[in-house]
Amino acid sequence: RHAEHRPLVSPLALCLLASPAAADSFVLVHGAWAGEWAWDAVAPLLEAEGHAVAAVSLTGLGARAGEASPAISVEDHAADIVAAIEAATPPVILVAHSYGGRPATAAWDRARDRIAHVVYVESVAPLTDRGLAADDDSLAFVVMMYPDAADSGMLPPPPTAREQEGRPLTPMPLKALYGPVPLSAPLPPTPGTYVYAEDSALPVLRRYGEAMEERRGWTLRAVPGGHD
């Protein structure tokens with residue numbers, strides 16, 4: 001069966017509303033190949049509770065697909081997120097799904113004084129205060145399996161992914177997907193929540209959540225459904 005990139009489901013919104021942080025604003029970061037539309041099912045529920053919500057459009061993706069380029073890095077995406085955080089009324093809850101955890105980690109570092117809580121949803125998370133290392137193993141696998149991506153510097157959506165009307169999937173720059181996420185200083189002790197999907201095809205991500213619970217004292221929550 002084809003995997004569908006759908007807006008993240010409403011049980012996730014209930015998790016976010018249960019966040020212990022007292023904050024007026026949510027900044028939501030989508031994952032790879034997707035766009036700001038990934039939050040269409042979540043944002044209205046948060047807004048109905050009186051929160052301001054900004055769903056970030058990462059450079060080259062979603063509404064900004066026309067800017068796609070192999071030169072786009074995780075730093076460029078981090079800058080998009082920082083801009084949204086700075087435009088929001090603090091304190092801010094920063095929420096990242098999947099790949100979005102990579103640039104969100106850099107944004108957390110750069111906008112640390114404006115963030116009250118971080119939420120990682122089925123995402124790679126910083127297990128140390130030194131940031132996220134380059135994912136050379138995954139890059140080597142992609143180069144071997146998809147030589148066209150190696151030539152173009154862009155990885156198309158997975159073959160199992162299926163677009164929905166108004167929700168285009170966009171190739172991802174390898175530089176952003178697998179590049180390092182350096183930090184300017186050790187991450188602050190910002191409270192956090194890790195959300196994993198009970199039927200995720202990527203069970204390793206739950207282990208990230210368990211590690212963040214153990215190492216940083218984060219809250220670990222589960223939602224029904226799969227990774228997307």
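We use all heavy atoms of the structure for the numbers below, so side chains are in, but hydrogens, waters and symmetry mates are not. This one's a predicted model, so the numbers in the text were calculated from it and none came from an experiment.
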Nearest heavy-atom neighbours spanning Ala88 and Val27
CB-CG2, 4.4 Å

Can you tell if the side chain of Pro188 reaches within under 4.5 Å of the side chain of Trp108, non-hydrogen atoms only?
yes

Going only through I, L, V, M, F, W and Y residues with side-chain contacts under 4.5 Å, is there a path from Val82 to Val29?
no

Pairwise side-chain contact, Leu183 with Thr105, heavy-atom cut-off 4.5 Å (strictly under)
yes

Under 3.5 Å donor-acceptor, Arg102 side chain and Leu177 backbone:
yes

Students often mix this up, so state it plainly: with edges at 30° and 60°, are the rings of Tyr99 and His77 parallel, tilted or perpendicular?
perpendicular

Are side-chain heavy atoms of Arg112 and Thr190 found at a separation under 4.5 Å?
no

Check this for me, if you would: do Glu86 and Arg110 make a salt bridge, where the nitrogen-to-carboxylate-oxygen distance has to be below 4.0 angstrom?
no

Which word best sums up how the rings of His97 and Trp39 line up, parallel for under 30°, tilted for 30 to 60°, or perpendicular for over 60°?
perpendicular

Basic-acidic side-chain contact under 4.0 Å: Arg215, Asp129:
no

Working for side-chain contact (heavy atoms from CB on, under 4.5 Å), residues Tyr194 and Leu205
CA-CA 10 Å; Tyr194 193 97; Leu205 295 176; 3.5 Å; yes

Within the structure provided, determine whether Phe26 and Val119 are in side-chain contact (heavy-atom separation under 4.5 Å).
no

Please evaluate residues Leu58 and Ile81 with respect to the criterion side-chain contact (heavy atoms from CB on, under 4.5 Å), reporting the C-alpha separation (whole Å), side-chain torsions for both, the decisive distance (0.1 Å), and the verdict.
CA-CA 8 Å; Leu58 297 177; Ile81 301 167; 4.0 Å; yes

Which atoms form the tightest heavy-atom contact between Ala96 and Ala104, and what is the distance?
CB-CB, 3.6 Å

Heavy-atom closest pair (Leu61 atom, Met172 atom, distance to 0.1 Å) is CD1-SD, 3.5 Å

How far does CD of Glu214 sit from CG of Leu127, to the nearest 0.5 angstrom?
10.5 Å

Answer whether the closest heavy-atom distance between the side chains of Pro91 and His117 falls below 4.5 Å.
no

Of all the heavy-atom pairs spanning Ser73 and Ala176, show the shortest one and how long it is.
C-CB, 3.8 Å

Is there a side-chain contact between Leu155 and Trp33 (heavy atoms, below 4.5 Å)?
yes

Look up atom CG in Leu174 and atom CG in Asp135, then write down how far apart they are to the nearest 0.5 Å.
11.5 Å

So, applying side-chain contact (heavy atoms from CB on, under 4.5 Å) with Tyr196, which one of Glu210, Glu122, Arg207, Arg221 is it?
Glu122

More than 12 non-hydrogen atoms from neighbouring residues, nucleotides or ligands closer than 6.0 Å to CD on Glu47, yes or no?
yes

So, do Tyr120 and Trp218 sit near enough that their side-chain heavy atoms are less than 4.5 Å apart?
yes

Donor-acceptor under 3.5 Å (Ser25 side chain, Thr89 main chain):
yes

Say whether, by atom type as modelled, one donor and one acceptor occur between the side chain of Ser98 and the main chain of Gly31 under 3.5 angstrom.
no

Tightest non-hydrogen contact, residues Ser184 and Asp109, listed as N-OD2, 2.8 Å

Closest approach of Val56 to His30 (non-hydrogen atoms, all atoms of both residues):
O-CD2, 3.1 Å

Ile72 with Tyr178, same ILVMFWY side-chain cluster at under 4.5 Å:
no

Has the side chain of Glu36 got a donor or acceptor atom that lies under 3.5 Å from a matching backbone atom of Gly62?
no

Taking Met154 as the starting point, is it possible to reach Met144 by hopping between hydrophobic residues whose side chains are less than 4.5 Å apart?
no

For the residue pair Arg64 and Asp80, establish whether any side-chain heavy-atom pair is separated by less than 4.5 Å.
yes

